[in-house]
Amino acid sequence: KENLISYLLETADNYLILGQRLGELCGHGPNLEPDIAITNIALDLLGQVRSFYQYASQLKDDKTTEDDLAFLRKEREYKNVLLVEQPNTDFAYIIVRQYFFDVYNKLFLNALQQSADETLRALAFKGIKEAAYHERFSGDWLKRLGDGTEESHNRVQQAVNDLWIYTDELFHKTDSSRAMIEAGIAPDMLQLREHYYEKVENLLTTTTLNIPEVEYFQKGGKQGIHSEHMGRILAEMQYMQLAYPGMRW
Amino acid sequence: KENLISYLLETADNYLILGQRLGELCGHGPNLEPDIAITNIALDLLGQVRSFYQYASQLKDDKTTEDDLAFLRKEREYKNVLLVEQPNTDFAYIIVRQYFFDVYNKLFLNALQQSADETLRALAFKGIKEAAYHERFSGDWLKRLGDGTEESHNRVQQAVNDLWIYTDELFHKTDSSRAMIEAGIAPDMLQLREHYYEKVENLLTTTTLNIPEVEYFQKGGKQGIHSEHMGRILAEMQYMQLAYPGMRW
Amino acid sequence: MEHRDKHLDTTSLEQQFDAKIAADEKIEPKDWMPEKYRKTHIRQISQHAHSEIVGMLPEGNWITRAPSLRRKVALLAKVQDEAGHGLYLYSACETLGISREQLYEDLHSGKAKYSSIFNYPTLTWADIGAIGWLVDGAAIINQVPLCNTSFGPYARAMVRVCKEESFHQRQGYEIMLSLCNGSAEQKQMAQDALNRWWWPSLMMLGPTDAASTHTEQSMKWKLKRKTNDELRQQFIDQTVPQADILGLTIPDNDLKWNEETGHYDFGEIDWEEFWQVVKGHGPMNKSRLDARRNAWENGAWVREAATAYAQKQNERKKQAV
Amino acid sequence: MEHRDKHLDTTSLEQQFDAKIAADEKIEPKDWMPEKYRKTHIRQISQHAHSEIVGMLPEGNWITRAPSLRRKVALLAKVQDEAGHGLYLYSACETLGISREQLYEDLHSGKAKYSSIFNYPTLTWADIGAIGWLVDGAAIINQVPLCNTSFGPYARAMVRVCKEESFHQRQGYEIMLSLCNGSAEQKQMAQDALNRWWWPSLMMLGPTDAASTHTEQSMKWKLKRKTNDELRQQFIDQTVPQADILGLTIPDNDLKWNEETGHYDFGEIDWEEFWQVVKGHGPMNKSRLDARRNAWENGAWVREAATAYAQKQNERKKQAV
């Protein structure tokens, strides 16, 4: 049970922090249509967050609420990967970060439909259609930027180069995920790693982007060792819950 | 006594928020020398903050500490003027914001040396030399930027135009300051307003900068009605005290 | 002769047009319309669209700090709805022969206006409640009559907008209710928000009838069905009892029920402040326009990339044929 | 003959130079020095200067979030001291005939190195304590011998640096002490920081003697007086008892007191990680260099303005004469 809770958090923290990052953008998009679409993705992700945290707090059975899990942990207790906390440097970074995550997320939710855990199967079933839509959105934009103007090509190549080092961590196993894989509850994502890179590299190549050559991938998020961005994300996100403890909103 | 406490906070909050803004810059200056000088100013201001808050908490006589005053008030309770919370848009903004404040601060501390309150006289005496140094630093840079290159001239003019509307609030009276003026504790800054603008306009003119024509000045900070920047300043500044309540550091 | 014919022609077109409006039929983009009708509609619809887009900013300011997941999701969805409203309204405006780029340019240059209420900052979470309750409340009162306005695309857009706005208003009121049923600190936060948003909300319903231009013409075209003062009274009459339920005090010492008129009497509005904000001197005018301009300018390369890509795709298709 | 004289000349200069060093006299910028000496010193002093400047970033990350006013002031002052150290060291380096611009360029291009320890992120407030205690502690051990190094300007800069560094180290230790005397959560925060900074601090003292280049030459020039492994042992011997006082556990299962040697034995260092970070693959390498490059590039117009202004002032003075 401890492992399942930990696994749920590890999964949902990605959605939370990416949703928070996308939430920063609302009202500041390059045009109304992508602004609306990105907000949609944020909404889907935060919807998933709530379901996962609710399930976790149900398992905890100790009055912990979804909001306690979202807002009242310390930085070292968040288990999201480094990828999702990277900043909204420009639209190219936003799209590349999203695409790198979406391809993973679709593979993940697809595999999670085979989980031995009924609740997780239901969450996966609900999420898979959304994830497919997200991947289509970010993939389409990646193509537009890669094969658009020289400027957009250069910017998106820069984003790909900078964010590539955060992709491998998506597939790292933690003690909890290992236990969940053994129990048939979690899919073994390492087996889908090759498929992931094939898919991503395929899109990059067809859109004339280079695949970065990387000797060393970054990791640490799943162990709660985040980038220095994370503290600022949390300071803002947690502000109300910290400043007004124990209140209902 | 309530009025004195309120007046102390109103004064020190300016130092606190400006010091916080300057603290954001440490390590990111255009060169080592101004980086060091700006940090010096931040240190002086925060030193003043501590003295003022310590005096206020002594008066309060209820276990309130300087840190409670600095970190544990709600946004609406901070009384700093809007000028000091304006962002570090670029070096021109930083210098203009500083100069607009420094000229005021020097006039203020100079006049405060006549206060009927002994502690305030001592604080004014300590602060006046620092304030003179600050004004020299920001004034010198204002000249360099105004009479430097075309780019620096344009940037600093832009900063002057945008920040000018926040200068008048420095001279606004609050209920507390009015009471303190009557008691001979606070100087009547309104009487120094003309002198302030003469001095500032004189420097702007000699450095070939235009004096903005403004119909309407912004106000609200002294009533706790801040800009939308303030919430983010506080979320970051208060984070540790909120996340770990009641601890010693 | 020709000249005379043309004059006759215009006159008859104008008569048909007036008759259509009188018969409550819709004017559609392809229909003939007087130039003044077109211009007035471009001005009003674009102003309305801009208000939706600029209106995303004060509320968007709290998305990252919403105090619970449920509220965060609701706020994101609400701000997204406003983007959607902007989209319908810009589309409606474009049918009058003006491009979205031109509309944005007029917003960014300060030529076009947007609702002044969005030039106030959102300082606390309670402001999100107060905006939903009061600002959306006043907006609905302004907008419901527009569901029957004469210009078809505008009327249809307003039907969708109004439906969502009432949902937003209920949501805002519900935030206020939670605060007022919460701790003393929360209730005080709600009261403070009411204090700051009350008068600007009254001003949202426009200058007094005496100071208002365009009213007669707008009445005829069903761009207006009641005067500003009537709408304001309606808003006050509807809102005061809601404040009572919350246990909040409306910041107006002159406010009291008038048995004779069956309405609330209320105090003098500070029109000086109103005009200052309209003229661009509100606390957030510059900040709002900067935010819009930055979003647009920083997005230029993205839009260019999308256009370039679409062109390339078209050419490829042609070559493939 | 001429050729031969020159050769003799260099030889005799070199002999004089060696004699000076052997006699513990200082080499000054105007003195003759072998090209290799100059190059080695430029490399080491600039690397040291860069470390001070880049080292401002991880600690600077907590200035806005320091948990008390007292700590905020102390941290600001500390980071400012590092800027000051950078300044002395760049000046010392400049006496060897290289400009500050060139030194920055080498940093920004990745050609020059800085201490790898600063490529780790500061995640909690305890990291500020741990950096002061461990990182400054290790730095002092590296640096104290340099107060007597052969190159005058470097030696004199180091005297000032070392004095301030010991103050910083005490301050860092005092932060750890407060945390360890505080709540369980605070103590855990301190332990976590120790866990993360311990091994990188050991690596700060350089590769093992076996893997280390330059050592012999550096010994001669008094750029080094002990080997890396000796310094590391000294650091460990000094730090373990301090951890004991704090009640913290050093994250090394193999660590234990060896009665025979009178030193602590310790576990294997992960040199693979060390070299990855040196090669630029640490968690913060890119972020640190980006921050420095951005500060420099965004400041270009400021520096240009200052230069232009100074020129104008000079011309005015000339004209006035």
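Proteins get letters first, then strands, A, B, ... in listed order; numbering begins at 1 in each. These values consider heavy atoms only, across backbone and side chains, with no hydrogens, waters or symmetry-generated copies.
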With side chains defined as the heavy atoms from C-beta onward, is the minimum distance between [X] and [Y] less than 4.5 Å?
| X | Y | answer |
| --- | --- | --- |
| D35(A) | M56(C) | yes |
| S178(C) | W249(A) | no |
| N31(A) | Y104(C) | yes |
| F91(A) | N298(C) | no |
| I63(C) | Q20(A) | no |
| K72(C) | M237(A) | yes |

Just checking, is any N or O donor in the side chain of N181(C) or R248(A) under 3.5 Å from an acceptor N or O on the other one?
no
Hydrogens and angles aside, do T64(C) and E236(A) bring a side-chain donor and acceptor to less than 3.5 Å of each other?
yes
Among [options], which residue forms the greatest number of heavy-atom pairs with chain A at distances under 4.5 Å?
| options | result |
| --- | --- |
| G299(C), A305(C), A310(C), A83(C) | A305(C) |
| Q186(C), R303(C), Q311(C) | Q186(C) |
| A77(C), S68(C), G84(C), G60(C) | S68(C) |

Side chain from CB out, backbone as N, CA, C, O: work out which of these in [X] comes under 4.5 Å of a heavy atom of chain A, or both, or neither.
| X | answer |
| --- | --- |
| A300(C) | neither |
| S183(C) | side chain |
| L75(C) | neither |
| R70(C) | both |
| E304(C) | both |
| L76(C) | both |
| L87(C) | both |

Between [X] and [Y], what is the shortest heavy-atom contact and its length?
| X | Y | result |
| --- | --- | --- |
| M240(A) | P67(C) | CB-CB, 3.7 Å |
| L32(A) | G86(C) | CD1-C, 4.1 Å |
| G29(A) | A295(C) | O-CB, 3.8 Å |
| L43(A) | V73(C) | CD2-O, 3.3 Å |

Portion of [X] that has a non-hydrogen atom of chain C nearer than 4.5 angstrom:
| X | result |
| --- | --- |
| A92(A) | both |
| N40(A) | both |
| R21(A) | neither |
| L16(A) | side chain |
| D147(A) | both |

Residues of residues 157-176 of chain C contacting chain A, heavy-atom criterion under 4.5 Å, by residue number
none
So, [X] side chain and [Y] main chain: donor-acceptor pair closer than 3.5 Å or not?
| X | Y | result |
| --- | --- | --- |
| Q80(C) | I36(A) | yes |
| R65(C) | Y239(A) | no |
| D67(A) | L69(C) | yes |
| R144(A) | A308(C) | no |

Value for CH2 (W125(C)) from OH (Y244(A)), rounded to nearest 0.5 Å, stands at 12.5 Å
Measuring from C26(A):SG to E82(C):CD, what's the distance to the nearest 0.5 Å?
8.5 Å
Within a 6.0 Å radius of atom CD on Q54(A), are there more than 12 heavy atoms belonging to other residues, nucleotides or ligands?
yes
Between E33(A) and R100(C), is the closest basic N to carboxylate O distance under 4.0 Å?
yes
Among Q241(A), R155(A), K143(A), H28(A), which has the most heavy-atom pairs under 4.5 Å with chain C?
R155(A)
